[in-house]
Colleague: 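This is the structure, below, for whatever I ask next.
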Amino acid sequence: MKIIKPALAGTLESSDAQVSVEPSTDGLEVSIESSVMNQYGRQIKATVMETLGRLDVTSGRITVIDKGALDGTLKARVECAVMRSESTSEAGIPWGGAIR
Amino acid sequence: MTDLVVSTIYPSDRRGMRRVEALLGSEGIRLDRNLDYTCAIIDDDGAMIATGSCFANTLRCLAVDGSHRGEGLLNSIVTHLMEVQSARGNTRVFVYTKEEASPMFVDLGFHEVVRAPGSVVFLENRRDGFASYLRRLETRRIQGRAVSAIVMNANPFSLGHRYLVEQAARASDVVHLFVVSEESSIFPFDVRRRLIAEGTADLPNVVLQDTDSYMVSSATFPSYFQRDEEAAIRGQALLDLTVFTEIARRLGITRRFVGDEKASFVTRLYNETMASLLPTKGIACVQLRRLEVGGRVVSASTIRQAIHDRDEELLRSLVPETTLRLLTSPDAEPIRRAIAASTDLAHY
């Protein structure tokens with residue numbers, strides 16, 4: 001699935017993350033910034049990539065500004081941004097699966 | 001921890017806006033005249049402890065009360081304003097701030113574009129925004145000994161613009177002609193760009209370039225499009241020109257051509273700032289006398305007035321054939337209507 005519409009989810013508060021998704025001309029571009037990059041950068045990247053993979057996102061510019069979010073929070077923010085971009089309605093939320 | 005809510009302050013809320021102004025003032029920041037959204041955080045005692053505003057795709061006038069530092073209030077304000085920007089469909093957002101506050105914005109996902117003299121830092125929310133714009137420009141870099149630049153809005157392209165380009169082209173090996181990409185003028189960008197392209201097609205050493213959001217845009221230079229005070233205009237002109245010096249460095253530009261300005265207040269201040277800043281960066285500033293037709297300087301304001309008054313004879317004397325063809329074609333009907341409806345055609 002390609003990101004066509006920009007969308008934003010999450011906040012810049014401590015223990016949260018702000019995720020924005022936009023269309024990209026260059027496949028999947030993921031940019032991550034984190035206040036705990038040195039400690040958890042790899043784990044954050046793995047979580048973001050895994051979530052995008054599960055949602056079947058193949059193209060888009062994804063920006064994550066992490067303020068020390070736990071994995072679950074990060075996952076939820078990425079999912080929310082992608083679903084907002086897709087205008088997924090309540091009935092269509094693919095709990096745990098890819099967006100169709 | 002108490003829950004602090006970010007609330008919108010409407011322009012009609014005079015008392016609220018006065019409190020915003022007072023909070024900014026206590027942090028040494030001036031309330032901009034051109035804002036289109038303002039919010040604030042009020043604490044339990046009713047005191048305003050943080051504020052922030054937007055204009056177009058920029059965040060401005062952000063301040064946190066000195067006794068509430070380190071509480072993450074700026075994070076809440078920026079989160080709120082980014083949601084406002086997102087709702088407007090703006091994914092590229094700019095901010096300028098004092099040097100000492102810039103690290104806080106870097107922590108909130110912003111990246112430095114340039115630092116202007118007077119310690120103002122201009123940031124954007126893209127990691128590689130300005131860098132990729134420069135790379136795009138560089139693909140059209142042409143080697144030459146005398147490389148010049150012109151920046152024009154051309155609203156619309158006139159014989160005066162043509163004269164300036166011609167003079168620059170004659171005196172240079174290459175002329176980079178930057179067309180203001182911002183959509184804030186009566187003539188849309190694609191029309192302005194097309195008229196410039198058609199009007200300079202016979203000059204092979206003229207290369208058209210876009211300014212993206214980086215020159216004479218609502219991000220760098222909002223007072224070009226909206227009235228403001230002299231100090232604000234000068235500050236923004238300085239920032240805008242600092243961006244230009246970066247671009248010039250990458251393209252090997254050593255001269256910038258401008259028409260002298262008597263009518264427009266804002267352009268005159270811009271030219272003054274240019275004449276004092278550019279030479280210190282190794283760029284010569286060449287100011288040409290404006291082209292006159294029948295004893296009057298050719299200006300885009302006069303042309304818009306002529307369209308407004310349906311004075312085709314005057315129009316014919318001011319614009320090249322290519323522009324006239326568009327202006328008299330059916331395609332230009334929406335533009336003619338916009339000009340007919342407008343009462344403020346001169347650039348202030």
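In the text below, chain A, chain B and the rest are named by the order of the sequence lines, each starting its count at 1.
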Colleague: Using heavy-atom distances under 4.5 Å, tell me whether A:Thr11 contacts chain B through its side chain, its backbone, both, or neither.
Modeller: both
Colleague: Could you tell me which of A:Ser31, A:Pro6, A:Ser35 has the largest number of non-hydrogen atom pairs under 4.5 Å with chain B?
Modeller: A:Ser31
Colleague: So does A:Glu13 get a backbone contact from the side chain of B:Asn75, meaning a donor-acceptor N/O pair under 3.5 Å?
Modeller: no
Colleague: Report which part of A:Ile65 has an atom under 4.5 Å of a heavy atom belonging to chain B: side chain, backbone, both, or neither.
Modeller: side chain
Colleague: Does atom CZ of B:Phe55 have more than 12 heavy-atom neighbours from other groups under 6.0 Å away?
Modeller: yes
Colleague: Kindly compute the distance separating OG1 (B:Thr79) from CG (A:Leu8), expressed to the nearest 0.5 Å.
Modeller: 8.5 Å
Colleague: Under 4.5 Å from any heavy atom of chain B, what part of A:Lys5 do you find: side chain, backbone, both or neither?
Modeller: neither
Colleague: Output the option from B:Leu108, B:Asp107, B:Val78 having the highest count of non-hydrogen pairs under 4.5 Å with chain A.
Modeller: B:Leu108
Colleague: With a 4.5 angstrom heavy-atom cut-off, which part of B:Glu83 approaches chain A: side chain, backbone, both or neither?
Modeller: both
Colleague: Side chains of A:Glu29 and B:Arg127: does their closest heavy-atom pair fall under 4.5 Å?
Modeller: no
Colleague: Which atoms of B:Asp128 come close to chain A, meaning under 4.5 Å heavy atom to heavy atom: side chain ones, backbone ones, both, or neither?
Modeller: side chain
